[in-house]
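Below is one structure, written out as structure tokens, with a few remarks after it.
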Amino acid sequence: MNIEESFKDNKPPMISSGFGRTTCAYFLPDNKHYVYGSTHLVDKECPEVPLRKNGAYVWPVYDSFDIFVVDLEGNITVQLTNEKGYDAEATVSPKGDKIVFTSDRSGDLELYTMNLDGSNVKQITDELGYDGGAFFSPDGTKLIFRASRPETPEEIKKYKDLLAEGLVEPTDMELFICNADGSDLEQLTFLGNANWSPFFHPSGEKILFSSNFEVEKGFPFNLYFIDIDGKNLERVTYGETFDAFPVFSNNGKYLAFSSNRNNGGTRDTNLFIAEWQD
């Protein structure tokens, strides 16, 4: 029986609350709990999902998001954040000591770290623009993330105006790398368009990410490899739709990613697993 047939007959149980909008689940080191962001405390209904603003593609950054710890039965055991504003996009260090997340508590979308119990919150980025989607390196010493960096007065005004409405326009993002405390921040890509959903190779020496830099705008998005010093860019997938959110297994033998391929021309995004060969 293949995976598709198995899911059709035996659907995995829902382990979120069933209320609000949920995002960005990530296992804690004990493999018995995970963190995710949810809006359910403010409204049990799923908030509206705007896709366009003045003709431009946008993402919502709901100020109702907070980060929670949940067990495998879906029971919320701890609320990690309670600041006003957007708190989401949490991932956990392989060292098992820190969580990195995105928050707009400063008035801008910055990266923060905290202990697994929500204590010792530290802001680690402070440049204007959307910093998000961060992941730790396999040894927990570095962070890779996506960021927008509006520079002209027009770009800055547009970014701030959208953020005031709880929106970001994720069509112009590059990858940045830094130490886990925010030091030694460097821009990794200079490709143009949207470069995002980065993830470390288990070696810690390369980054796999999604990009549409080879097209004028829009689709397709494919996966690319790049060294942590920005050299040796290499294309990995050759799809015609959307490939993103790559995640390696800890032993580096498998790659999971999301794709719009084989969806009958719909907008459905599904998960795929591939054997990885270096």
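Everything numeric here is computed off the predicted structure, so don't read it as measured data.
Contact check for Ile67 versus Ile99: no side-chain heavy atoms found under the 4.5 Å cut-off. Using a 4.5 Å cut-off on side-chain heavy atoms (C-beta onward), Ser210 and Leu223 make contact. Residues Leu191 and Glu174 meet the side-chain proximity criterion, which asks for heavy atoms closer than 4.5 Å. For the pair Leu128/Pro150, a side-chain contact is recorded, criterion being any heavy-atom separation below 4.5 Å from C-beta on. Under the 4.5 Å side-chain criterion, counting only non-hydrogen atoms from C-beta, Val168 is not in contact with Met173. At least one side-chain heavy atom of Asn195 sits under 4.5 Å from a side-chain heavy atom of Ser211. Between Leu111 and Glu89 the shortest side-chain heavy-atom distance does not fall below 4.5 Å. Taking 4.5 Å as the limit, some side-chain heavy atom of Leu163 sits within range of a side-chain heavy atom of Leu109.
Between Gly96 and Leu116, the shortest heavy-atom contact is O-CD1, 3.2 Å. Nearest heavy-atom pair across Leu175 and Arg146 is CD2-CA, 4.2 Å. Contact between Pro138 and Gly204 at its shortest, heavy atoms only, is CD-CA, 3.9 Å. Residues Phe101 and Ala88 approach most closely at CB-O, 3.4 Å, considering heavy atoms. Asn212 and Ala194 get closest at one heavy-atom pair: OD1-N, 2.9 Å. The shortest non-hydrogen separation linking Pro198 to Gly133 is CD-O, 4.1 Å.
Salt bridge present: Asp161 and Lys157 bring a charged side-chain N and a carboxylate O closer than 4.0 Å. Between Lys206 and Glu234 there is no salt bridge, since no side-chain nitrogen of the basic residue lies less than 4.0 Å from a carboxylate oxygen of the acidic one.
In this structure, OG1 in Thr39 is found 10.0 Å from CD in Glu45, a value given to the nearest 0.5 Å. Once rounded to the nearest 0.5 Å, the distance linking OG of Ser137 with CD of Glu205 reads 9.5 Å. The CZ atom of Phe135 sits 8.5 Å away from atom OG of Ser197, with the distance rounded to the nearest 0.5 Å.
If you run ring pair (Phe, Tyr, Trp, His ring centres under 6.0 Å) between Trp276 and each of Tyr254, Phe248, Phe199, only Phe248 comes through. For the side chain to side chain contact (heavy atoms under 4.5 Å, CB included) with Phe200, the lone residue among Leu143, Asp139, Ile228 that qualifies is Ile228. The one candidate from Val35, Asn75, Ile76 that meets the side chain to side chain contact (heavy atoms under 4.5 Å, CB included) condition with Val69 is Val35.
Partners of Ala147 under the side chain to side chain contact (heavy atoms under 4.5 Å, CB included) rule, at least two apart in sequence or in another chain, are Asp131, Phe145, Arg149, Phe176. In terms of the side chain to side chain contact (heavy atoms under 4.5 Å, CB included) criterion, residue partners of Asn262 (sequence neighbours excluded) are, by chain and number, Phe272.
Residue Gln123 qualifies as enclosed at atom CD: its count of foreign heavy atoms under 6.0 Å is above 12. Other residues, nucleotides and ligands contribute over 12 non-hydrogen atoms within 6.0 Å of the CG atom of Asp30.
For the residue pair Asp108/Tyr159, the side-chain donor-acceptor check at 3.5 Å is satisfied. A side-chain N or O of Glu214 and one of Tyr224 form a donor-acceptor pair less than 3.5 Å apart. Remark: the Glu83 side chain and the Thr81 side chain contain no N/O donor-acceptor pair separated by less than 3.5 Å.
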Can you list, pair by pair, the side-chain donor-acceptor contacts under 3.5 Å of residues 20-28, counting residues two or more places apart and other chains?
none

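Both Phe245 and Tyr57 belong to a single network of hydrophobic side chains, linked directly or stepwise wherever heavy atoms of I, L, V, M, F, W or Y lie under 4.5 Å apart. Linking Ile, Leu, Val, Met, Phe, Trp and Tyr residues whenever their side-chain heavy atoms come within less than 4.5 Å leaves Val247 and Ile273 in two separate clusters. Grouping the Ile, Leu, Val, Met, Phe, Trp and Tyr side chains by contacts below 4.5 angstrom, directly or via other members, places Val121 with Leu80. Under the 4.5 Å side-chain heavy-atom criterion for Ile, Leu, Val, Met, Phe, Trp and Tyr, Leu188 and Leu208 are members of the same hydrophobic cluster. Placement of Ile15 and Phe19 in two distinct hydrophobic clusters is found when ILVMFWY residues are connected by side-chain heavy-atom separations under 4.5 Å, directly or transitively.
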| task | Check the pair Ser16 / Phe68 against side-chain contact (heavy atoms from CB on, under 4.5 Å), numbers first and verdict last. | result | CA-CA 10 Å; Ser16 61; Phe68 301 85; over 6 Å; no
| request: Please lay out, stage by stage, how His201 and Ile207 fare under the test side-chain contact (heavy atoms from CB on, under 4.5 Å). | output: CA-CA 6 Å; His201 183 269; Ile207 303 295; over 6 Å; no
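Ring-plane geometry between Trp196 and Phe242 is classed as tilted, the angle between the planes lying from 30 to 60 degrees on a 0 to 90 degree scale. Between Phe65 and Tyr86, the ring-plane angle classifies as perpendicular under the 30° and 60° cut-offs.
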